[in-house]
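Every number for a ligand or one of its atoms is a count from 1 in the order of the listing.
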Amino acid sequence: MCRAILWDIKLLKVKNLNKSFKAFLLLTGLSICIMLSALAVLSQLYRYSTKNAYELILLILMMLTIIIIMLTAVSTIAVYYAYSKGRVGKAFLWLPRTGLRLLLPFIMPTAKLLSFDKEDVRRFYIDVNNILVRSGNISCEPKDVLLLLPHCLQHSGCWYKITSDIRNCRKCGKCCIGEILEVAEGNGINAAVATGGTIARNIIFSSKPKLVLSVACERDLASGIADVKKFPVLGIINERPNGPCNNTVVDVDKIKEQLEEVLGN
Ligand code: SF4
């Protein structure tokens, strides 16, 4: 009986492997076909093109470059304005918001290329995002707020399964989860602990809060904010006195302040 089951599992694995391998072959085959078609079109253009055609292509490239430079300049000014003022009028919120989304994909590779500290860039992104979320004057009912916490805030020696339900915490005081739980219960908001980015996103998409108050490191916060565009996220960066992902801490007063603001207490 057991052998039969094991055999079935093996067969299933081979079947799955074949399925993924087929998909891989199909996609690579299609990609090669698309590239060959592009090569055929380019070779025909090369064969029959004139000097005027080359000049036209150069002109189009120049125009595109000018448009990109103008968009980058406008985005930079809009983001700078939001950051320096600390608030943006509701009617103009879309401008720095779009600017931030346009600039980030350019800035991150440039920062990597020039060996800039990427954490600084992410911190700036989180700060500007918080300003934009606050500028939207979001005022929520407690039930519409989700407080999302990283698993690394829990003391590494604690056995209580707070990832399935944060209320399993015994508030022993060894880590800040107990104090945060008291704040969440006191304000009547939902709180959850996520073990990773995918789970955090799933929690947000399934609970559909009006506002997410999220504690995480710069990298997780920046990528999370960018991934759940539909949901406003106020980010609070955790501190890592023991290195990344190990017994991290957060200033609970910052959580209280943010909650007071969004709940209008
Ligand atoms: S406060 Fe809660 S989560 Fe932290 S160690 Fe104590 S029981 Fe565990």
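Here Lys51 pairs with Glu55 in a salt bridge; the nearest charged N to carboxylate O distance falls below 4.0 Å.
Here the shortest heavy-atom pairing between Val183 and Lys256 reads CG2-CE, 3.8 Å. In terms of heavy atoms, Thr248 sits closest to Arg240 at CG2-CG, 3.5 Å.
Between atom CD1 of residue Ile236 and atom CD1 of residue Ile126 there is a gap of 11.0 Å, rounded to the nearest 0.5 Å.
Test Lys118, Arg122, Arg123 against Glu218 for side-chain hydrogen bond (donor to acceptor under 3.5 Å, both in side chains) and you get one pass: Arg123.
With waters left out, the protein N, O or S atoms under 2.8 Å from atom 8 (Fe) of ligand 1 add up to 1.
Taking Phe205 as the reference, Phe231 meet the ring-ring contact (aromatic ring centres under 6.0 Å, His included) condition, with sequence neighbours excluded.
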